[in-house]
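Everything numeric here is computed off the predicted structure, so don't read it as measured data. Both counts, for ligands and for their atoms, begin at 1 and track the order of listing.
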Amino acid sequence: MQHYLKGTEDVLAEVKSSRAGLTEQEAETRLNENGKNKLAESKKISLAERFVKQLMDPMIIILLAAAAVSGITAAYENESLADVFIILIVVLINAFLGVYQESKAEKAIEALNEMAAATSKVIRNGSQITIKSEDIVVGDIVILEAGDAVPADARIIECASMKIEEAALTGESVPVTKTEDTLLSDDGKDISLGDRKNMVYMGSTVVYGRGQAVIVGTGMNTEMGKIADAISKAKESSTPLQIKLAGLSKILSFIVIGICIFIFAFRLIKIGDFSSEVMLDTFMVAVSLAVAAIPEGLAAVVTIVLSIGVTNMSKRNAVIRKLTAVETLGSAQIICSDKTGTLTQNKMTVVDHFGDNEELLATAMALCSDAEIDGNGDTIGEPTECALVNYAAKLSLRKPDLKNQKPRVGEAPFDSMRKMMSTVHSMDGRFIQYTKGAPDEVLKLCTKYLKDGTVHELTDEFRNSILADNKRMADKALRVLCAAYKEYDNMPSSFEAKDLETDLIFIGLTGMIDPVRPEVLDAIKECKVAGIRPIMITGDHKDTAAAIAMELGIIDDPSQAITGAMLNDISEEELNRTIGNYSVYARVQPEHKVRIVKAWKQNGMITAMTGDGVNDAPSIKSADIGIGMGITGTDVTKNVADMVLADDNFATIVNAVEEGRKIYDNIRKSIQFLLASNLSEVLSIFFATVLGFTILHPVHILWINLITDTFPALALGMEEGEDDLMTRPPRSSKEGIFTGGVGFDIGYQGLLISIVTIAAYFIGHYIESGVWEVASSPDGITMAFLTMSMAEIFQSLNMRSQRGSIFKMKRKNMYLFGAMIVSFILTTTVISVPFLAEIFEFEHISIQEYGIAMLLAVSVIPIVEMIKAIQRSVKK
Ligand code: ATP
């Protein structure tokens, strides 16, 4: 062990690897032998445990207890056990459904985790590939760059100013500068973890520079594995809506229990018979009402609709990492997006240049890049740098040849603060440095320029001509880079940026195009119609940024663009006031992004912010919706993001907003449907009890709840979006579940269903007896059951749109039609098949009665349509 005390070659030999990495076969063998690179997870809940958990619901326990008591009594008195069986069957079906739904939701989340799984760059068979971090084995060579998470424990074999943040392991938040050198221990004492400067450990992240390291420990054999014997998976936290609903469910439960106690007491007193039989009977009515009316289904429906929603989103390339994002997306008002790769294609090509020595320009640009040409002749690396390497290749300057002539001996890596990078190369015993980066930044460090083969002092006049050319290219939406050089007799003693990047000699500029993503044009239009403001944030030059933003329709005047430097001169209060004036931010540094997010949030706006670079984590965290990039993003940003774009595409954000709005709508429809149904049951039974008759038996309520409530509620969760989904303004984030008249709607719809149910009861009794009176009536019960079941089914149709007419909806919801037809068939079956009707204590009803029940039930459609129409006209 103690790899830090050994030389790199010794460590490579020890783990039977080399700088060319393992072969695929060898890696596979090792993976099979030693297992995945994962920390042990907490045990999963088994199916049986889940099932038991469903039955542990206090309401179900009371119901089961009640069933048991009534079963014993019935057996004792030689009565039918039908009731008990029906209750047991309903409870079982409910539990099965619960387990099924729960595991389905969990699978959806698991699949998402799988999609969001961390990846690493490794060298295998001599070339660089990307693999899942969990497939890493001992002996793999990993490539580490700024922003990468270290996937396992490894010994560094190559290091270019690499700094690692190891707070998770050492508690030290200041990044540690690493090295590939062998460490020496003082008199054989061990070196503490924080001082092992040539090692990197799982759980830490690269914050600067780059390097390579050979894996020496994976999974539970890492330092992280030692600390955390079993790290339980981070629990999905509940979304605000889920929390609100849990609170609501609790309140409603207490209200319902109160009503049940009242009904129990009232009925007993009214009947005036305290025999055990009547007591039991009354108790059953109260309990079944409680079971039926307590909206325990609410939380489940929300979870399921959310999980279906996130699955749909992932199909559209938006991978949700935190469930809360789904809700917040629906109310997004501002979308701040990076330019390169998100609004544009990130497919760069050099199309223009400035400077009279194009050969030197191309050589400098290609050598001062980390992009390479691989064995197949493909260029691999960052798009900007690939463009430069290709540009050189077109001038017959192939990167591999250039590297042979001038091998790299040191570098100051790129970072988005300096906006440049430098490399030092040996050349016939001397050394030459190339620096490339943003023209405004590099030019600040240039004191001379090269023209006609000789070096001149950089005059203001020539500087201005360079800047003019820079502007000429930028106005054409080109991304402009500047190259400079510097020569040394001896190898520089330090490769720190501040030592290398002074006194440079200007060589020239390159201009590259990066075409906009065609689909983004429509997405921007869609945003604007939907009341969402798109904003471009970029490290690029202001003129380039403004030109692209105009092309995309983000701005219509270059005055709406501002630079990071200008932002520095604006105070926080002023920015809060004037933030609305700007839609393009150019040459920004990561900390500017945080200011932009904060200013918008100060203005009460729900803000989304994308980010990819290692320093973008703070702005992603402070945004309401932090968005990471799946392709170009760093692990650091992906880990803090609420949502990751699998395709890095701006249009995907807009699609996700649309899904988010739809999911919220659907959840609200399901909730409204369920609560109105529960209310109608409570009201009907309450009314009947007060008047002293039985309108529905316990098993009937359970049936209605299971068949006619659950399925349509779930089906409503699958509604396609309403037509105005992306033409109405964003929903206010402060809006509660009952705002916008939802509370009123639930109230009148619940009342309406109970009125038709009670009417059906009396009509049923009248047809049978010929008198209008309050009396016990099996016919009345049958009619009430049929009417209530059917009314709920028709009510689910009403709920397809909160205020719109359902006859104007173009899109169909096949799930809902399916749920309706199944409910319809089942309900008709229990009433009309003799032996089933007997179990449920239904009377035979005539076709005429059936027709009346249907008419009463279907009346909820025209009545609700009329009230919706009134509501629409009042709103206007
Ligand atoms: P966006 O923020 O839209 O993704 P960006 O890629 O331009 O845009 P940064 O990566 O922060 O943002 O780059 C900032 C600037 O640094 C660029 O405009 C460019 O001038 C310069 N630059 C980018 N990549 C390199 C590189 N590999 N080498 C040298 N300079 C670079």
Legend entry - Numbered atoms and elements of ligand 1 in range of Gly437, under 4.0 angstrom, heavy atoms: 29 (C), 30 (N)

Legend entry - Protein residue, atom and distance nearest to atom 31 (C) of ligand 1, heavy-atom basis: Phe414 CE1, 3.1 Å

Inset, instruction - With side-chain hydrogen bond (donor to acceptor under 3.5 Å, both in side chains) as the test, would you mind laying out the steps for Ser583 and Gln560 before giving the verdict? - result: CA-CA 6 Å; Ser583 285; Gln560 289 161 296; 5.0 Å; no

Inset, instruction - Output yes when Arg517 and Asp648 qualify as a salt bridge under the 4.0 Å nitrogen-oxygen rule, no when they do not. - result: no

Legend entry - Asp370 heavy atom under 4.0 Å from ligand 1: no

Inset, instruction - Would you tell me which option among Gly381, Gly341, Ala438 has the nearest heavy-atom contact to atom 20 (O) of ligand 1? - result: Ala438

Legend entry - atom 26 (C) of ligand 1: the protein heavy-atom neighbour that sits closest, reported with distance to 0.1 Å: Lys436 NZ, 3.6 Å

Legend entry - Thr538 N/O to ligand 1 N/O under 3.5 Å: yes

Legend entry - Residue portion contacting ligand 1 (non-hydrogen atoms closer than 4.0 Å) for Leu481: side chain

Inset, instruction - Check if Glu441 has a non-hydrogen atom at a distance under 4.0 Å from any atom of ligand 1. - result: no

Legend entry - Subset of ligand 1 atoms that lie under 4.0 Å from at least one heavy atom of Glu385: 26 (C), 27 (N), 28 (N)

Inset, instruction - Tell me which protein heavy atom sits closest to atom 11 (O) of ligand 1, plus the residue, atom name and distance to 0.1 Å. - result: Ser416 CB, 3.3 Å

Inset, instruction - Could you check atom 15 (C) of ligand 1 against the protein and tell me its nearest heavy-atom contact, residue, atom and distance included? - result: Gly539 O, 3.8 Å

Inset, instruction - Please determine if Lys339 has a nitrogen or oxygen closer than 3.5 Å to a nitrogen or oxygen of ligand 1. - result: yes

Inset, instruction - Would you kindly specify which portion of Arg479 sits under 4.0 Å from ligand 1, judged on non-hydrogen atoms: side chain, backbone, both or neither? - result: side chain

Legend entry - Residue pairs, two or more places apart or on separate chains, that pass side chain to side chain donor-acceptor pair (under 3.5 Å) and touch residues 594-603: none

Inset, instruction - Around atom 4 (O) of ligand 1, find the nearest protein heavy atom and jot down its residue, atom name and distance. - result: Thr340 CB, 3.5 Å

Inset, instruction - For the residue pair Thr607 and Cys336, establish whether any side-chain heavy-atom pair is separated by less than 4.5 Å. - result: yes

Legend entry - Glu574/Arg577 ion pair, N-O < 4.0 Å: no

Legend entry - Ion pair check, Asp503 and Lys486, cut-off under 4.0 Å: no

Inset, instruction - Identify, by atom number and element, the atoms of ligand 1 in contact range of Arg587, meaning under 4.0 Å from any of its heavy atoms. - result: 18 (O), 20 (O)

Inset, instruction - In plain terms, say whether Lys399 and Glu372 are close enough for a salt bridge, that is, a side-chain N and a carboxylate O under 4.0 Å apart. - result: yes

Legend entry - Listed partners of Tyr488 passing ring-ring contact (aromatic ring centres under 6.0 Å, His included), at least two apart: none

Inset, instruction - Using a strict 4.0 Å threshold on nitrogen-to-oxygen distance, state whether Glu358 and Lys394 make a salt bridge. - result: no

Legend entry - Element-labelled atoms of ligand 1 that are located less than 4.0 Å from some non-hydrogen atom of Glu382: 27 (N)

